[in-house]
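Lettering of chains follows the sequences in order, A, B, ..., and the numbering in each one begins at 1.
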Amino acid sequence: MEISKTFDFKSAEQKWYQHWLDHKYFESTPDHREPYTVVIPPPNVTGILHMGHCLNNTIQDILVRRARMMGKNACWVPGTDHASIATEAKVVHMLRERGIQKSSLSREAFLEYAWEWKEKYGGIILQQLKKLGCSLDWNRTSFTMDPDYYQSVIHVFNDLYSKGYIYRGKRMINWDPRAKTALSDEEVIFKEVQGKLYFLQYQLADKEGNPLPLENGSITIATVRPETILGDAAIAVNPSDERFKHLIGTEAIVPLINRRIPIIGDDYVATDFGSGALKITPAHDMNDNQIGIKHGLAVYDILNEDGTMSADAQLYIGLDRFDARKQIVEELKSAGHVVKIDEYTHQVGFSERTDVVVEPRLSLQWWVDMKKISSPALNAVQDGEINFHPAKFKNLYRHWMENIKDWCISRQLWWGHQIPAWYDAEGRYIVAMNEDDAKQKFSAMYGIENPQLKQDEDCLDTWFSSWLWPFEVFKGISNPGNKDVAYYYPTNTLVTAPEIIFFWVARMVMAGYEYMGEKPFKDVYFTGIVRDLQGRKMSKQLGNSPDLLEMIDDIGADAVRFGILIASPAGNDLLWDKASNEQGRNFINKIWNALKLVQLWKERSKPNLSAEEMTLGSDWPHEWFDARLREVCTEADQLMEQFKLSEALKTLYTLVWDDFCSWYLEWIKPGFEKPMDEAHLNKAIGFFEILLERLHPYMPFVTEEMYHLLRDDQPVDLCVRQMDASFIARDADDAILKEAVLLKSAISTIRDARVKAQIKNKDAVSLFVAAKDRSVWLPIQELLCKQVNAKAFSFTDDAVADSIQLVIGGDKFYVKADQVLDTSIQRKELETELAYFQGFLESVEKKLSNEKFVSNAKQEVVDMERKKQADALNKIKMLKEGLANLG
RNA sequence: GGAACAUUAGCUCAGUUGGUUUAGAGCAUUACUUUGACAGAGUAGGGGUCACUGGUUCGAGUCCAGUAUGUUCCA
């Protein structure tokens, strides 16, 4: 068959992915085999494929394809996350383009648009994963807002509530005073703002709490929001601060409203910022709120929903916060409280939606009491029931789990799972599965017939649904104990990014134990963050993320997979560069050319060659490659077990490029215009198939294509070919591996000597060996001569005149050419080498003459040093002889 | 502010309980050779006081302490 000059990835990718789908290779149903289950970290339904996905899903595909070829029932479940914030933003954007305001719509109408958007644009990313070659079981595609999934989320909320694990509580949130809504942290955009830092003087109070005149002492605080002093509950100083230490326990007076507030000590206060004294406003600052809780301070909420001053502020009631700021500064100035005003640049949060300054504000939210469900999840990782790769994340996980904070699960959004709580007009509420259930429960609890109830407007945090993912994709909650969940759960490996270890991984572990009584996965592989060459995280904002689909189109999915993986050390971030794709493409080109060579041989092959036709008599190269293949595959398997995917691929890369292409194929190559022995050829094809099989999980398309080109009657597709476990299990033959090491080094050394002595390639040389053990050279002498263009090989006991002397494997080698040798380069080489060994010998002898070393070090270490000494001495002797021999 | 992790050749990284030929690989780079599988291949070379400062030890890239820098997560 005619083979194209290069691999045509475009047609191959299209052809083989469809072929695999047609043959249902990716579909899994429970059977007698051991399952290997992976659930995809569901990408946002709004998402498009970027480099992070590429890395993450390439790794999963490698694991899944490998498991499939190793006799497991591999099941990789695809799906998407409804991503409430991101999706709602997209929908709002779409509506705006159509001239519709979200606020003008009812919840139902808005959700209709949202579903319309989801059906039309959602899940593009799943189609893109096909381009990458991902072997997902598409029949199992899940979505976190599928009807069953939705019900399961509601069920879990009810269940946790009834167990007392969910409660309502006040929390500081980001408030958008224009939209009159809470914002998630992700919706707050921080901008650097040139503002003013006001230094304000508070009078101190006497024992009765009456203000002392300013001349009798005062305390100065610094603030950028002077209007908030109306909400002050305390002044805090650092207890180690000599300037203020003595004031702790006394009181100060809030200017203008004359509120008495305590002066407290807290380590939180930075002594070198502002004046060193910090006003505490628990209702309007995140950190102040924490300090307020810690010290049991009063809370004065001075702002209304729309950002105007509230009655609690006492002054400027109904005035906008910024107007209030201007006025209060003037009043404070005239009352003599302003010490100075500095220019000050700081970060201010703005609403992504309305671009107004966000106010921190206290509000009622739903919470999960994490301490109640976290302990099995902590233990599972500590005890190695679940393994993290790399293990360093275990510490991070433990630290977080031991200091776990309650989880705020309500979000002021519509797209998502609506919180299943119903309220009456008086604010009494009930948690239930649905409205009827709620009415019934409410009547029973409060003794009210036919209550008028309204469901909570908010929806649940997206993670409150995705933490059920590993079992709910198998309907573990909506259809408990079904065949699928029993078979596939717990899953095997989760591949995800370390930044969501708390948001997602830890919570899945908790949910797994809470609802399945069992861990959700055995291993967690954390990928690195993909960065550009400047070390910046790849992101949409920076625009430094390459267009993945364009890249696949350009260079092929296999090259992209190779490129991202080879650059990806286990657990470290990777600096990705287009050049690694090129390395992938070059590698594909290399194996493609190996195929072309084998194809060429096929055309010239015949059985039972005559003596003249034969280039190579022995089977030695095949025996060696067989042993080498097993040795390297074992090594690669071990690396895979340790989740060192990148290194495993490097190992196979070297096996193919060096051992197979550079050595093995060269060794069995027939002489110019000579035929190929059919038996040799079949051996080579057999090895080639195993190499393709090993590479398939990493580069599925090119390997499948080549596998079929290698033999047109393949009994199965490579995608589902089963790796021969017994092949690997056999121990590699050590003797032949050692012979090969000797052969390779002999070839390299002699080739080097030929170059240095400027012997032309076509000029044959004669080899003489003064061997201590002649038998080691016998099996490899034929190949050695073939590879270095030697016409004769003989043993000798004496030095050979006018030759180049080399040392290979401890034996003296003489290379003799027919023409006069240029020995100048050779001489220089020998002298450099001699200097090296003399320096080396010196360092070894220094060590050995150190009595403390000889008496304290382990015997074997000392012996090793003695051996080094002896070897070096021997080497030096031979080098000197070599120099003498050059004349 | 707290915590975790990292720092080894131009780049990306290995380096297992401290000793295995005066630090290894891939990519990149340079020189030479070759052009009958190879948008190339072969051979060789250059390039590192293993971030810094101390300490433990006969011996430290490896262990300990501190410093610096970077990254991430949490505030």
Same-atom distance ([atom1]) from [N] to [M], integer angstrom:
| N | M | atom1 | result |
| --- | --- | --- | --- |
| B:G55 | B:G59 | C1' | 15 Å |
| B:U17 | B:G61 | C1' | 16 Å |
| B:C50 | B:C13 | C1' | 13 Å |
| B:A23 | B:G47 | C1' | 13 Å |
| B:C63 | B:U71 | C1' | 25 Å |
| B:G42 | B:A25 | P | 16 Å |
| B:A3 | B:U62 | P | 24 Å |
| B:U12 | B:A28 | P | 15 Å |

Whole-Å distance separating the [atom1] atom of [X] from the [atom2] atom of [N]:
| X | N | atom1 | atom2 | answer |
| --- | --- | --- | --- | --- |
| A:Arg585 | B:G26 | CZ | P | 20 Å |
| A:Phe688 | B:A37 | CZ | P | 15 Å |
| A:Asn586 | B:A41 | CG | P | 7 Å |
| A:Ile759 | B:G42 | CD1 | C1' | 16 Å |
| A:Asp752 | B:G45 | CG | P | 7 Å |
| A:Glu582 | B:A39 | CD | P | 14 Å |
| A:Leu709 | B:A37 | CG | P | 19 Å |
| A:Gln583 | B:A39 | CD | C1' | 16 Å |

Any strand counts, and the cut-off is 3.5 Å on both contacts for Watson-Crick or G-U wobble. Which nucleotide pairs with [N]?
| N | answer |
| --- | --- |
| B:A44 | B:U30 |
| B:A37 | none |
| B:C52 | B:G66 |
| B:U57 | none |
| B:G1 | B:C74 |
| B:G24 | B:C13 |

Of A:Val854 and A:Phe502, whose nearest nucleotide on RNA chain B comes first from the 5' end?
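That would be A:Val854.
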
Here's a test of your reading of the structure: between A:Thr654 and A:Thr749, which maps to the more 5' nucleotide of RNA chain B?
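Going by which nucleotide is closer to the 5' end, it is A:Thr654.
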
Which nucleotide wins on minimum distance to the side chain of [X], given the candidates [options]?
| X | options | result |
| --- | --- | --- |
| A:Cys661 | B:C58, B:U20, B:A37 | B:A37 |
| A:Lys852 | B:C58, B:A37, B:G26 | B:C58 |
| A:Trp663 | B:A37, B:U43, B:G19 | B:U43 |
| A:Leu597 | B:U20, B:A37, B:C58 | B:A37 |
| A:Asn856 | B:G15, B:C58, B:U43 | B:C58 |
| A:Phe503 | B:C58, B:A44, B:C74 | B:C74 |
| A:Lys858 | B:U43, B:A37, B:G19 | B:G19 |
| A:Ser748 | B:A37, B:A14, B:A44 | B:A44 |

Contact class for [X] vs. all strands (heavy atom < 4.0 Å): base, sugar-phosphate, or nothing?
| X | answer |
| --- | --- |
| A:Glu666 | base |
| A:Asp871 | base |
| A:Lys875 | nothing |

Any side-chain N or O of [X] less than 4.0 Å from the OP1 or OP2 oxygen of [N]?
| X | N | answer |
| --- | --- | --- |
| A:Asn589 | B:A39 | yes |
| A:Thr6 | B:A39 | no |
| A:Lys590 | B:A37 | no |
| A:Tyr653 | B:C27 | yes |
| A:Asn593 | B:A39 | yes |
| A:Lys5 | B:A39 | yes |

Take A:Glu631 and A:Arg628 through the test salt bridge (charged side-chain N to carboxylate O under 4.0 Å, His left out) and record every step on the way to the result.
CA-CA 5 Å; A:Glu631 183 185 46; A:Arg628 180 67 182 151; 2.6 Å; yes

CD/A:Glu641: more than 12 non-hydrogen atoms of other groups inside 6.0 Å:
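Yes.
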
Kindly check if the number of other-residue, nucleotide or ligand heavy atoms within 6.0 Å of CD (A:Gln838) is above 12?
yes

Apply salt bridge (charged side-chain N to carboxylate O under 4.0 Å, His left out) to the pair A:Asp871 and A:Lys875, showing each step before the final yes or no.
CA-CA 6 Å; A:Asp871 288 354; A:Lys875 187 86 191 183; over 6 Å; no

Test of understanding: with salt bridge (Lys or Arg N to Asp or Glu O under 4.0 Å), list the residues that count as partners of A:Lys669, not counting sequence neighbours.
A:Glu666

Sole candidate of A:Tyr525, A:Phe393, A:Tyr397 that passes ring-ring contact (aromatic ring centres under 6.0 Å, His included) when paired with A:Phe388:
A:Tyr397

Verify whether one side chain among A:Lys847 and A:Ser849 offers a donor that lies under 3.5 Å from an acceptor in the other.
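No, A:Ser849 and A:Lys847 have no side-chain donor paired with an acceptor closer than 3.5 Å.
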
Under a 3.5 Å threshold, yes or no: a donor from one side chain and an acceptor from the other, between A:Gln859 and A:Asp863?
yes

Between A:Trp657 and A:Trp663, is the gap from one ring center to the other below 6.0 Å?
no

